[in-house]
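Notes to accompany the following structure.
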Amino acid sequence: MGPIWLGIDDTDSPNGGCTTWVLTELLDEARGRGIDLIGEPRLVRLNPNIPWKTRGNAALSARFGKGRGARRRLGEVDGHPVWSYPVGRKISSKVAESFVEAAWWRVLRSSRTGEPGTDPALVAVDRRLPASLYWRAVRDVVNVDDLAGRLEREGATVRTAGANRGIVGAAAAVAWPGSHPTWELIAYRARERWGSRRELDAESVRRAQDRFPELFLCHDPRTRRVLVAPHTPCPILFGLRATRPDPPIAARRTILSEAVDRWVLFRTNQGSGDHLVARPVANLSAYGSAYIAGRVVSVPAVREGGHVSFVLADGAGDEITCRAFEPTKTLPSVAQGLRPGDRVRVWGSRDLSPDLRLEGIEVVRLAARWGPSRPPRCARCGRTTRSLGRTRGFRCAGCRRRWPPEAATRPRLAPELSPGIYHPTPSARRHLAVRGPEPGRTVRSESF
Ligand code: ATP
């Protein structure tokens, strides 16, 4: 075997655990054996609509070998620096095989095995798996049995405990091509603190976002929420997301918090919008996501809880109900301003219900808005006419001349909305959600 890819998934349960932390254990195992990390460890988010995910549908991968070239520091685990090399040489098959078995043992030891919905898996393979596998796993539902056969043909080593569903994430994390990445530096808590209240200074997080503009989704000025720390009993203390790899490394030192036990910088597909693909309504199946362009065909309705829904027809005339949820703040207020005839492009996902849960709205062109009809002015003497009843038209109060009902005027109203792209408020954005402005477009929401 040459340098090997390891992919892991499904090690955690809602009660605790974290697959990113398990990956730090593999980094420790590799260092102890003199095996080097090649490139960056990868945190890959998959189809956000999968019903059996624990939280954010994350899977992890990393490549290991004998490092060459200038090394970079990407973390610290158990007091030892994590070094990464740009390229790697082969390690012997014997060394690789025993590393894979030790890695699997570490995965099992640190998984919530036995808890419902925890089916840990490890996939080891000596080359990156085809990118098509990633695209299917981020956009659709992958059949586990088909994938198992595919992995066998690729010559992958596969280890699973419980159901073997975890191989989907483990393999897809290895298959991610790594293009248009973002980065997340994750800092972890000491084991004895897991489950207790996190000590983290919110103001230092806000200052870090101001000082390092490459950081994103650190806090939400509208809801005042700090977005870097989870609210689960998992080992993560905070995660700093960024559009470049170096700023989170520098920013980490400025965050005031309880002691950081270990930290690792991951290359991620977060903020990539990779789950979204332009599709007509007819091609959006259960658990899928899409960009859909079309025309608004209903007056928006405000539902209980402040959610707003409207019906959109695509180019083929197929209709879909779009739902803008209250926690996204921006989207329901934009949806409420839409009127039949408006041209929009929306994006979002569906589950078993056929409705599209919106993740963003682009208002492309607004139809004219007209106010209620008014009596016309008399064309002869300029005075306002009076209505004689709905079907009888109007009569001028001065010269008594009559005008037909069609002479009524309707003032053109200014729309309450401007064309542009609208994203949810930061605290309601999904991990994969598109990151904001597309080049050359007006953006009318908080961007980062
Ligand atoms: P966390 O974010 O806390 O790490 P999670 O949300 O990633 O947890 P998992 O416990 O990993 O949730 O469960 C997700 C499961 O769904 C995994 O077994 C994974 O292999 C599987 N899975 C992910 N994407 C797909 C897909 N597109 N098709 C089929 N199965 C999938």
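Both ligands and their constituent atoms are indexed starting at 1 by order of listing. Computed over heavy atoms, backbone and side chain alike; hydrogens, waters and symmetry mates excluded.
- Arg42 and Ser61 share a donor-acceptor pair across their side chains, judged by distance under 3.5 Å alone.
- Heavy-atom contacts of Arg165 reach the following atoms of ligand 1: 18 (O), 19 (C), 20 (O) (cutoff under 4.0 Å).
- Considering backbone and side-chain N/O of Gly56, one or more are found under 3.5 Å from N/O of ligand 1.
- Within ligand 1, the atoms closer than 4.0 Å to a non-hydrogen atom of Gly169 are 19 (C), 20 (O), numbered from 1 in the order shown.
- Checking only distances, Asn57 does come within under 3.5 Å of ligand 1, N or O to N or O.
- In terms of polar-atom proximity, defined here as any N/O pair under 3.5 Å, Asp10 does make such a contact with ligand 1.
- Remark: Arg165 does not engage Asp10 in a salt bridge, criterion side-chain N to carboxylate O under 4.0 Å.
- The residue from Trp21, Trp52, Tyr287 that puts a heavy atom closest to atom 22 (N) of ligand 1 is Trp52.
- Annotation: the span from Leu237 atom CG to Trp194 atom CH2 amounts to 12.5 Å, rounded to 0.5 Å.
- Results of the salt bridge (Lys or Arg N to Asp or Glu O under 4.0 Å) test with Glu258 over Arg193, Arg198, Arg197 single out Arg193 as the only residue that passes.
- Interface atoms of ligand 1 facing Val141, defined by a heavy-atom separation under 4.0 Å, are 28 (N).
- Of all atoms in ligand 1, numbered sequentially from 1 with element shown, those under 4.0 Å from a heavy atom of Asp9 are 11 (O), 17 (C), 19 (C), 20 (O).
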Step by step, would you call Val22 with Arg106 a side chain to side chain contact (heavy atoms under 4.5 Å, CB included)?
CA-CA 8 Å; Val22 179; Arg106 287 255 195 167; 5.9 Å; no
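- Looking at Ala137 next to ligand 1, an N or O pair under 3.5 Å apart turns up.
- Side-chain polar atoms of His431 and Glu184 form no donor-acceptor pair below 3.5 angstrom.
- Remark: Arg31 does not engage Asp78 in a salt bridge, criterion side-chain N to carboxylate O under 4.0 Å.
- If you look at Asp140 next to ligand 1, the close heavy atoms, those under 4.0 Å, all belong to the backbone.
- Aromatic rings from Trp176 and Trp5 are positioned such that their centres are separated by 6.0 Å or more.
- Contacts between Val142 and ligand 1 below 4.0 angstrom, taking non-hydrogen atoms only, involve backbone and side chain alike.
- Ligand 1 has a nitrogen or oxygen under 3.5 angstrom from a nitrogen or oxygen of Arg55.
- For ligand 1 and Ala58, the ligand atoms under 4.0 Å from any heavy atom of the residue are 2 (O), 4 (O), 5 (P), 7 (O), 11 (O).
- No hydrogens or angles considered: a donor-acceptor pair under 3.5 Å links the side chains of Thr11 and Thr19.
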